[in-house]
Amino acid sequence: MERKDFVYRTELVKKLREEGVEPYPHSAKITHEIGDIVDRSEEFMGKKVAVAGRIYGLRFHGKLAFATLRSNGRDIQGFFRYDVLGEKKYKFLKKYVQRGDFIWLHGEVIRTKRGELSVLADDVRLISKSLYDLPHEWFGIGDVETRYRQRYLDLLLNREPFELFWKRAKIVEEMRRFLWSRGFLEMETPVLQPVYGGANAKPFKTHVNALDRDYYLRISDELYLKRLIVGGYTKVFEISKDFRNEDIDTTHNPEFTMIEAYWAYADYNDMMDLTEEMIKSIAKALGIEKVNFRGKEIDFTKPFRREKMLDLLAKRGITKETDDEEIKTMLEEYNIKLPRYERGLALGKLFERVCEADLHEPVFVIDHPKETTPLCKLHRNDPDLVERFELYVGGMELANGYTELNDPMLQEKFFKDETERRTLGDEEAHQYDADFVEALRWGMPPTGGVGIGVDRLTMLLTGQESIKEVILFPMLAPKEE
RNA sequence: GGGCCUGUAGCUCAGCUGGAAGAGCACCUGGCUUUUAACCAGGUGGUCCGGGGUUCGAAUCCCCGCAGGCCCGCCA
């Protein structure tokens with residue numbers, strides 16, 4: 001059974017065509033965007049304009065009618081008078097034009113008796129017929145599933161997400177502007193990779209018919225951007241969609257956006273400075289100082305603290321003196337399973353479990369045990385650690401950076417260690433990337449790198465606690481009919 | 001993977017101690033020359049998520065399934 005509104009409106013389209021009116025014309029030339037007129041209304045007063053937009057409200061009042069027109073999130077009122085518009089067009093409006101339709105109208109910018117900025121129409125055209133009744137904005141769309149599956153309805157009827165995704169676009173724009181201003185070049189590296197790397201994660205597998213080879217969707221673009229540093233660039237970045245074949249929850253989506261930046265001759269301290277300055281400049285550009293997140297305030301104007309991971313663990317009673325047996329007991333208590341006991345890995349896992357959730361105000365956690373990643377340079381003062389940082393905000397990991405490992409022989413060894421972990425059953429261990437080792441053998445300068453989760457940054461800057469709220473089309477199970 | 005919750009008109013929701021499917025808005029018809037959630041009068045509209053069961057009778061109770069949300073587990 002077809003929807004009643006669809007049947008009725010489809011019939012109207014048919015009638016329009018019978019009368020020689022095309023309900024979906026090719027263009028509708030406007031003189032101004034609605035927002036421009038609203039922003040500079042006094043300048044436009046008394047002038048003739050042509051505007052277009054979707055009808056959110058249509059109020060017939062005998063021989064008068066008022067329409068709320070919206071375009072790009074901005075509203076202006078269309079004012080139709082029988083005597084100004086003429087009988088034919090007025091009747092057309094009444095018979096064929098409904099809420100949800102797009103119209104074009106021409107007329108003088110005025111204010112009505114109630115002071116509402118309006119265009120007093122002397123001409124009106126239907127420029128796109130909607131075949132469904134637009135739900136009322138007053139009630140909005142509340143059903144979360146509808147909001148995600150039909151995001152356009154969410155954007156059309158709920159103000160908050162419309163503005164939120166505008167902000168997300170601004171965040172990405174500011175990110176680019178910031179890095180461009182620092183001399184970084186925006187690069188594009190492969191999404192389809194024969195060997196995946198740069199993170200601990202399960203990949204999506206695909207097949208390249210032309211080569212008859214299995215490929216992977218990237219889990220990170222790290223190893224390719226570093227090849228570009230080998231290639232001679234000193235500052236590169238990429239905003240990349242990465243793919244990780246893992247669970248979907250409030251902070252994870254299988255497809256997500258990451259920005260990675262690599263900077264030759266710099267180290268992890270420089271990258272922390274860069275990260276902090278970038279986030280603060282984005283927040284400033286958006287006029288954001290403090291955000292309420294998970295019930296607590298985050299102040300983006302204060303300096304980001306830097307804490308050593310081992311110091312944070314020590315505050316929880318896990319120190320150098322804690323012996324391996326005690327740590328193994330703790331792993332069991334927290335139900336953490338490692339393919340094989342390695343102290344450094346265990347400490348990294350315990351940190352996530354014990355400390356992570358409490359890191360609310362921005363803090364760089366630095367100097368991780370060396371077993372936590374194979375891509376990072378050993379610490380200049382302690383061979384058991386690496387020069388790594390993770391930025392935690394709101395209890396989430398927001399960024400991850402290193403003084404990049406550029407010693408090809410050590411890189412080879414670390415990849416071998418990962419291969420061993422893989423054979424022991426660690427599905428997320430890194431793959432051995434011989435081509436990347438080859439690149440390092442040609443020489444990569446000392447380099448600092450960082451990756452920042454764009455979705456999570458958007459969550460933090462907008463106070464949204466679910467990643468689905470900041471991804472336009474979050475992954476959902478396909479609906480079968 | 002485990003627990004809790006949700007699914008009723010186009011939208012927002014009520015009905016849930018079993019007994020004739022409802023409201024507001026939207027939509028349609030009529031009225032109205034300053035409305036803006038317009039108003040007034042009348043009207044149309046339902047696979048009560050799907051399947052099975054209990055019962056004289058199920059939107060309501062039971063079982064299975066689907067989809068979504070939250071929490072936990074797992075995981076960047």
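Quick note on labels: first sequence line is chain A, next is B, and so on, each numbered from 1.
Atom CD in A/E145 sits roughly 11 Å away from atom C1' in B/rU6 (whole-Å rounding). Residue A/L153 contributes atom CG, which lies 14 Å from atom C1' of B/rA26 at whole-angstrom precision. The distance from atom CD1 of A/I336 to atom P of B/rG73 is 10 Å, rounded to the nearest whole Å. B/rU33 atom C1' lies 15 Å from atom CZ of A/R59, rounded to whole Å. Between the CZ atom of A/F60 and the P atom of B/rU34 there is a distance of 15 Å, given to the nearest Å. The NZ-C1' distance, from A/K468 to B/rC70, rounds to 11 Å in whole Å. Regarding A/L476, its CG atom lies at a distance of 8 Å from the C1' atom of B/rG68, rounded to whole Å. Per the geometry, CD belonging to A/E246 stands 16 Å off P belonging to B/rG73, to the nearest Å.
Distance check on atom P: B/rG24 versus B/rC66 gives 38 Å, rounded to whole Å. Taking atom C1' in both B/rC75 and B/rC4, one finds a spacing of 23 Å when rounded to whole Å. Using atom C1' as the reference point in both B/rU55 and B/rG19, the two lie 12 Å apart (nearest Å). Here the separation of B/rC16 from B/rC62, taken at their P atoms, is 15 Å to the nearest Å. To the nearest whole angstrom, the two C1' atoms, one in B/rG10 and one in B/rG45, are 9 Å apart. A gap of 44 Å separates the P atoms of B/rG68 and B/rG30, to the nearest Å. B/rC64 and B/rA26 have their P atoms separated by 43 Å, given to the nearest Å. Look at the P atom in both B/rG46 and B/rU34: the space between them is 38 Å, to the nearest Å.
Contacts of A/T112 with the nucleic acid, taken as non-hydrogen atoms under 4.0 Å apart, include base atoms. As judged by a 4.0 angstrom heavy-atom cut-off over every strand, A/R388 is placed among the base-contacting residues. Backbone-only engagement by A/G142 is indicated by non-hydrogen atom pairs under 4.0 Å involving sugar-phosphate atoms exclusively. Residue A/I219 is classed as having no contact, given no heavy-atom separation below 4.0 Å to the nucleic acid. Using a 4.0 Å heavy-atom cutoff across all strands shown, A/F79 reaches at least one base atom of the nucleic acid. Looking at heavy-atom distances under 4.0 Å, A/A199 makes no contact with the nucleic acid at all. Within 4.0 Å (heavy atoms only), A/R111 reaches no atom of the nucleic acid at all. A/Y392 comes within 4.0 angstrom of a base, heavy atoms only. A/D247 comes within 4.0 angstrom of a nucleotide base, judged by non-hydrogen atoms across all strands. Here A/E137 lies out of heavy-atom contact (under 4.0 Å) with every strand. Nucleic acid contact class of A/G453 (heavy atoms, under 4.0 Å, all strands): none. Residue A/T250 is in sugar-phosphate contact alone, with no base atom involved, counting any heavy-atom pair closer than 4.0 Å across all strands shown.
With no hydrogens or angles considered, no side-chain donor-acceptor pair links A/Y224 and A/E238 at under 3.5 Å.
Pairing of B/rA20, defined by two Watson-Crick or G-U wobble distances under 3.5 Å, is not identified with any nucleotide. In this structure, B/rU60 forms no base pair with any nucleotide, since neither Watson-Crick nor G-U wobble geometry is met with both distances under 3.5 Å. Nucleotide B/rU55: unpaired (no Watson-Crick or G-U wobble partner with both distances less than 3.5 Å). Across all strands shown, B/rC25 forms a Watson-Crick or G-U wobble pair with B/rG10, both key distances being under 3.5 Å. The partner of B/rU34 cannot be assigned: no Watson-Crick or G-U wobble pair with both contacts below 3.5 Å exists in any strand. Searching all strands for a Watson-Crick or G-U wobble partner of B/rG1 with both distances below 3.5 Å returns B/rC72.
Candidate nucleotides B/rC27, B/rU33, B/rC74 were compared by shortest atom distance to the side chain of A/N335, and B/rC74 ranks first. The side chain of A/A477 lies closest to B/rG68 when the candidates are B/rU44, B/rG68, B/rU33. When distances run from any side-chain atom of A/F139 to the nucleotides B/rC75, B/rG69, B/rG24, the shortest one goes to B/rG24. Comparing B/rC11, B/rG10, B/rC74 by their nearest atom to the side chain of A/R3 picks out B/rG10. Which of B/rG10, B/rU36, B/rC74 sits closest to the side chain of A/D5 comes down to B/rG10. Listed candidates were B/rC74, B/rG69, B/rC27. Nearest to the side chain of A/K4 is B/rC27.
A/R54 places a side-chain heavy atom less than 4.5 Å from the side chain of A/L156.
At distances below 3.5 Å, not a single donor-acceptor pair connects side-chain atoms of A/R294 with backbone N or O atoms of A/E465. Judged purely by atom type and a 3.5 angstrom limit, A/R421 has no side-chain atom pairing as donor or acceptor with the backbone of A/D426.
Taking 3.5 Å as the limit, the base of B/rG68 and the side chain of A/D143 contain no donor-acceptor pair of atoms between them. For A/H136 and B/rC11, a side-chain-to-base donor-acceptor distance below 3.5 Å is absent, hydrogens and geometry of angles not being considered.
Mapping A/E356 and A/Y8 onto RNA chain B by nearest heavy atom places A/Y8 at the nucleotide closer to the 5' end. Position along RNA chain B of the nearest nucleotide to A/R9 versus A/Y334 favours A/R9 as the more 5'-ward residue.
Ring-centre distance between A/Y268 and A/Y402: not below the 6.0 Å cut-off. Checked against a 6.0 Å centroid threshold, the rings of A/H430 and A/F414 do not count as neighbours.
Geometric assessment of A/K94 against the ring of A/F60 yields a positive cation-pi assignment under the 6.0 Å and 45° thresholds. In this structure, A/K280 is positioned above the aromatic face of A/F304, its NZ or CZ under 6.0 Å from the six-membered ring centre and within 45° of the axis.
Applying the 4.0 Å criterion to OP1 and OP2 of B/rA37, one finds that A/R99 has every side-chain N and O outside that range. Proximity of A/Q98 to the phosphate of B/rC28: a side-chain N or O atom is located under 4.0 Å from OP1 or OP2.
For A/E427, the CD atom is loosely surrounded, since the number of other residues' heavy atoms within 6.0 Å does not exceed 12.
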